[in-house]
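Read through the structure below, which is laid out as structure tokens, and then see the notes.
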Amino acid sequence: MGLVVYNTFSRRKEPFEPVAAGRVSIYVCGPTVYDLPHLGHARAAVAFDVIRRTFRALGYDVTYVMNITDVDDKIITRANEEGRSPFAVADEYTRAYQASMARVGVLPPDIAPRATGHIIEMVALVEQLIGTGAAYPVEGGDVYFSVRSFGKYGELSNRSLDDMRAGERVEPDPRKRDPMDFALWKGAKPGEPSWPSPWGPGRPGWHLECSAMSMKYLGESFDVHGGGQDLIFPHHENERAQSEAVTTAPFVRFWLHNGFVTINEEKMSKSLKNFVSLDDVLAQYPAPAVRMLLVAAHYRSPIDFSPDGLDEAGAMWQRFSTFARNATDALDAAPEIDDGRPLSFEADFFAALEDDFNTPSAVAVLFELVNAGNVLVEQVEAGGDPRLLRAHLATFSKMAGVLGLDPLTQWPAEESGAEIVGSLVESLLEMRERAREARDFETADLIRERLVKAGVVVEDRPGGPRWRIKR
RNA sequence: GGCGGUGUGGCCGAGUGGUUAGGCAGAGGUUUGCAAAACCUCGCACCCCGGUUCAAUUCCGGGCGCCGCCUCCA
């Protein structure tokens, strides 16, 4: 089979072939840190986290870079509103972003470069662009990129400069040669953070950092560049223009873009003020449910956010985690034998992921395994051969882990005081067992009802009761 | 207006030229002191109109609906 990936550039699926055999270099546009991350950020982070894990599972040596944009108009605006330094704002929300993403199981990138740490590289890039005639400085310390100088401008987003001119909405800056020219470097205004440059003190334009940092860490040509669909134009178009105007080499082989999270069928975004912060969602729903919601749809499709959707995703997750636990318990009582035979589920699972990271199909395979596995659990509990179940559980763990949804290795109890709660539940269950032994079911049921009310589900098993927290 | 995407059973959501997606919810059953969990069974879906074909939800053409980008945005 082999991996096939949808490339925004060609607008079709293509067989994946990396620049260097066996290795994959990935650059994903990270957040501009001026506010708390919302569900949309989580969607992008999880989408590319799964993509990254898939590459790894397929045997590639992966280098994964996600930047932090920590100098930007909005950060400055926010800092001014709050009367503090832009650096403090950026630092606060960088931490918030990293912490929130970790909560939904996103692995930290191999490299997480910050724009402000790469001013030298960016200035050098601008100098080279001026040298080739692709950029020009103007009065006021700004430097612009000349889109007309780059013949391939518009190829990525599939639009022509002439068509776009019709859509001009703001009156063009008279200093620009073409209205579509964009700023590589912005001359400093009073009160703004700035760095010295040949064109006077200033700061980098938004697109510049990604060109400078991706090429620094991954080379002039790398394999995968990712981000939200809203970044295709102008951000990625401009990045490509800047980069290739200097190197003349193909900047990126595969452009991947994730779909949006919507609310009431409308894009979630800061400007529409309809966003839900990730932390707010996590305060009400378990993290694995949130991740399940994101993984149960294809990464290029929109996902509509709703409480019902999260509840359903939570139910799906419950089925995963219940199986893992039931299987583990059944196997604990069984002899340690493993015949190491690969199951057909594994081939189906990876075939799904190799088709443009089709996580919904992959999830379906996991459910099929869970179903077969649950049947085996009962057989093993009845004294049957544990080998097949052991293989199922191991395979399940491995595959679910590729999606970042392995109940066995992830999602430790976040609740503070979990141990205390645990011992209290155990005590109550002990009393309930005594009541049950005395056939005092009234008392036994009362205890169980109270526990259920508190969010604890009790399961009576042949070997004694078992409980779990349900939200 | 330009460009891109999309329309699947109550809901979410894959996919395919003729053969079971999967899940959630719901109904019945097995099991259980009762539950929970699990298992079994059930609903015969593919926006509309043409066309190609022995056969189309799947291909082609047209139409309608919805979403996104074209300005900062994951």
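Within every chain, numbering begins at 1; the chains are lettered A, B, ... in the order of the sequence lines, protein sequences first and strands thereafter. If you're wondering where the values come from, they're calculated on a predicted model, not measured in any experiment.
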Proximal nucleotide (of B/rG5, B/rC24, B/rA74) relative to the A/Y6 side chain: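 Selected nucleotide (nearest to the side chain): B/rG5.
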Candidate nucleotides B/rC69, B/rC72, B/rC3, ranked by approach to the side chain of A/N158 - the nearest: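 The nucleotide sitting nearest to the side chain is B/rC3.
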Using a cut-off of 4.0 Å on non-hydrogen atoms, how would the nucleic acid contact of [X] be classed: base, sugar-phosphate, or nothing?
| X | answer |
| --- | --- |
| A/Q229 | nothing |
| A/N358 | sugar-phosphate |
| A/I232 | nothing |
| A/F48 | nothing |
| A/P234 | sugar-phosphate |
| A/G227 | sugar-phosphate |
| A/H298 | sugar-phosphate |

Distance-only donor-acceptor check, side chains A/S25 and A/D223, under 3.5 Å: yes
Test item: side-chain donor near acceptor, A/Q229 and A/R300, under 3.5 Å: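 Per modelled atom types, A/Q229 and A/R300 side chains form no pair under 3.5 Å.
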A/K267 side chain near B/rA74 phosphate (N/O to OP1/OP2, under 4.0 Å):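 Checking B/rA74 against A/K267, no side-chain N or O comes under 4.0 Å of OP1 or OP2.
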Under 4.0 Å protein heavy-atom contacts per nucleotide of nucleotides 28-39 of chain B, with B for base, S for backbone only and - for none: -----BBBBSBS
Short N-O contact, A/K398 and A/E346, less than 4.0 angstrom: yes
Collect all protein-nucleotide pairs involving nucleotides 7-9 of chain B in which both atoms are nitrogen or oxygen and the distance is under 3.5 Å.
none

Distance between C1' atoms of B/rC49 and B/rC11 (Å, rounded):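 Result for the C1' pair: 29 Å, nearest Å.
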Scan nucleotides 16-19 of chain B against the protein and return all N/O pairs shorter than 3.5 Å with their distances rounded to 0.1 Å.
none

